[in-house]
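When a ligand or atom number is given, it counts from 1 through the structure's own listing order.
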Amino acid sequence: MSTGGGTQDRDQGGTQDEPVVAVGVLGARGKVGAEVCRAVEAAPDTELVAAVDAGDDVAELVRAGAQVVVDFTHPDVVMDNLRFCIEHGIHAVVGTTGFDQGRLDQLEAWLADAPGVGVLIAPNFSIGAILMMRFAAQAAPFFESVEVVELHHPSKADAPSGTAGRTAELIAAARREAGSAPMPDATSTGLDGARGADVDGVRVHSLRVRGLVAHQEVLLGTAGETLTIRHDSLDRVSFTPGVLVGVRAVASRPGLTVGLEDLLDLD
Ligand SMILES: NC(=O)C1=CN([C@@H]2O[C@H](COP(=O)(O)OP(=O)(O)OC[C@H]3O[C@@H](n4cnc5c(N)ncnc54)[C@H](OP(=O)(O)O)[C@@H]3O)[C@@H](O)[C@H]2O)C=CC1
Ligand SMILES: O=C(O)C1=N[C@H](C(=O)O)C[C@H](O)C1
């Protein structure tokens, strides 16, 4: 569905110095995509020019003049969407999960043939979740044990969540850099899955419970004390300010960027 014109300065928002960004949304009728559409329409410096969902013609993004596409679809379709965007010179801000190293390598290869195009992939766009990941990585070398528990709604396709996978990788990297010892675990017998998934040596446990949105705890422990770092997304509006940060920045970051943290002034 086209929703209006392409690139222009908008009377109420964009100026000569601040052009309005023409945005297309893929997954526009989904839980997060619908919130993103509302946020893009409400911001003074972005304009929703195309709202595309399953069954719609993706070429509408080109016809509508989208400069940046936001993708919140499904791990099974996101690579085809990104190939289309890159081939058509459209920058992409991606919330959809399911990216392993193989997929990131493929994106780098496509982007090498499209200089100037930027793709930003962030496993979580909420500021609280980004800080939770950072605090967990900072704390991890100070404790003998660190495990991740992620809790989501039962419509979620992937497990563990992209956020939990990224958190585990950041924890593992921080512990490697600090020379931390392997975590203690005497388990020698147990049911498959009882100890969760092993992500880079960090145990990750996935719960799917009706009523939940998106939640994560990182539990750290050492002799005589524990520390629990918890984040809760209670509403999907929590993701939209970060998405808009990405929309505004992606055109000035050609190539592949993973994670929103480099775009925020966290240090
Ligand atoms: N990075 C982040 O901060 C966040 C990431 N996510 C991730 O975003 C993704 C979407 O989540 P959520 O909104 O909850 O999921 P939903 O299932 O609610 O929404 C996905 C939407 O995309 C549609 N869709 C499917 N295939 C295509 C296609 N080829 N082109 C366009 N649209 C398509 C779906 O249609 P249909 O239902 O008909 O298939 C659906 O409307 C997931 O991977 C999730 O993990 C979620 C929250 C935050
Ligand atoms: O599917 C979801 O809902 C979410 N997906 C992302 C993930 O897999 O980490 C982000 C957030 O947890 C919500």
*Please work out whether any backbone atom (N, CA, C, O) or any side-chain heavy atom from C-beta onward of Ser155 is under 4.0 Å from ligand 1, and answer side chain, backbone, both or neither.*
neither

*Which segment of Pro123 sits under 4.0 Å of ligand 1 when only heavy atoms are counted*: backbone

*asked:* Taking atom CD as the centre, does Gln106 end up with more than 12 heavy-atom neighbours from other residues, nucleotides or ligands that are less than 6.0 angstrom away?
replied: yes

Enumerate, atom names and distances included, each donor-acceptor pair closer than 3.5 Å involving a side-chain atom of residues 236-247, sequence neighbours excluded.
from: Ser238; atom 1: OG; to: Ser233; atom 2: OG; distance (Å): 2.8
from: Ser238; atom 1: OG; to: Asp235; atom 2: O; distance (Å): 2.8
from: Thr240; atom 1: OG1; to: Val237; atom 2: O; distance (Å): 3.0

Side-chain donor-acceptor pairs of residues 257-267 under 3.5 Å, sequence neighbours excluded:
from: Thr257; atom 1: OG1; to: Arg253; atom 2: NE; distance (Å): 3.4
from: Glu261; atom 1: OE2; to: Arg166; atom 2: NH2; distance (Å): 2.5
from: Asp267; atom 1: OD1; to: Arg134; atom 2: NH1; distance (Å): 2.7

*Residues Phe125, Val93; criterion side chain to side chain contact (heavy atoms under 4.5 Å, CB included); working and verdict*: CA-CA 10 Å; Phe125 280 95; Val93 172; 3.6 Å; yes

*Drop me the distance from Phe142's CZ to Leu227's CG, to the nearest 0.5 angstrom.*
11.5 Å

*Looking only at N/O atoms, are Thr97 and ligand 1 under 3.5 Å apart anywhere?*
yes

*Going by atom types only, do Thr167 and Gln216 share a side-chain donor-acceptor pair under 3.5 Å?*
yes

*Taking C-beta and beyond as the side chain, do Leu107 and Ile121 meet within less than 4.5 Å on heavy atoms?*
yes

_Under 3.5 Å between any N/O of Arg236 and any N/O of ligand 1: does that happen in this structure?_
no

*Euclidean distance, Lys156 NZ relative to Ser206 OG, rounded to 0.5 Å*: 9.0 Å

*Run the numbers for me: atoms of ligand 1, each under 4.0 Å from some heavy atom of Arg29, listed by number.*
41 (O)

*Which residue owns the protein heavy atom closest to atom 7 (C) of ligand 1, what's the atom, and how far is it?*
Gly95 O, 3.5 Å

*In the hydrophobic cluster built from side-chain contacts under 4.5 Å, what are the other members alongside Val209?*
Val149, Leu151, Leu207, Leu212, Leu219

*Please identify which atoms of ligand 1 are closer than 4.0 Å to at least one heavy atom of Lys156.*
45 (O)

_Non-hydrogen side-chain atoms of His91 and Val119 separated by less than 4.5 Å_ = no

*Listing by chain and number, which residues have a heavy atom under 4.0 Å from ligand 2?*
Thr97, Pro123, Asn124, His152, His153, Lys156, Asp158, Ser161, Gly162, Thr163, Ala214, Phe239

*Among all protein heavy atoms, pick out the one at the shortest distance from atom 8 (O) of ligand 1; state its residue, atom name and that distance to 0.1 Å.*
Phe72 CD2, 3.4 Å

*Point-to-point distance, once rounded to the nearest 0.5 Å, from OG1 of Thr73 to CG of Leu26*: 6.5 Å

_Checking a contact table here: which protein heavy atom is nearest atom 39 (O) of ligand 1, and how many Å away?_
Ala54 CB, 4.2 Å

*To which protein heavy atom is atom 19 (O) of ligand 1 closest, and what is the distance rounded to 0.1 Å?*
Gly30 CA, 3.2 Å

_From OG (Ser161) to CZ (Arg208), nearest 0.5 Å_ = 6.5 Å

*For atom 1 (N) of ligand 1, what is the nearest protein heavy atom, given as residue, atom name and distance?*
Ala122 O, 2.9 Å

*Hey, are the side chains of Glu217 and His231 touching, using non-hydrogen atoms and a 4.5 Å cut-off?*
no

*N/O of Val77 under 3.5 Å from N/O of ligand 1, yes or no?*
no

*Short N/O distance, under 3.5 Å, between Gly33 and ligand 1?*
no

_Val25, Leu26, Asn124, Thr73: member with heavy atom nearest to atom 20 (C) of ligand 1_ = Thr73

*Which residue owns the protein heavy atom closest to atom 23 (C) of ligand 1, what's the atom, and how far is it?*
Asp53 OD1, 3.3 Å

*Can you check whether His74 has an N/O within less than 3.5 Å of an N/O in ligand 1?*
no

*What's the spacing between Ile86 CD1 and His88 NE2 if we round to 0.5 Å?*
12.0 Å

*Would a search of protein heavy atoms around atom 41 (O) of ligand 1 find one under 4.0 Å away?*
yes

_Quick check for you: to the nearest 0.5 Å, what is the distance between Ile229 atom CD1 and Phe135 atom CZ?_
8.0 Å

_salt bridge (Lys or Arg N to Asp or Glu O under 4.0 Å) assessment of Arg38 paired with Glu35_ = CA-CA 5 Å; Arg38 278 189 277 277; Glu35 288 297 346; 3.3 Å; yes

*Where does Phe239 meet ligand 1, judged by heavy-atom distances below 4.0 Å: at the side chain, the backbone, both, or neither?*
side chain

*How far is atom 46 (C) of ligand 1 from its nearest protein heavy atom, and which residue and atom is that?*
Val32 CG2, 3.7 Å

*Would you mind checking which non-hydrogen protein atom is closest to atom 15 (O) of ligand 1, with the distance to 0.1 Å?*
Lys31 NZ, 4.0 Å

*Would one find an N or O of Phe125, backbone or side chain, under 3.5 Å from an N or O of ligand 1?*
yes

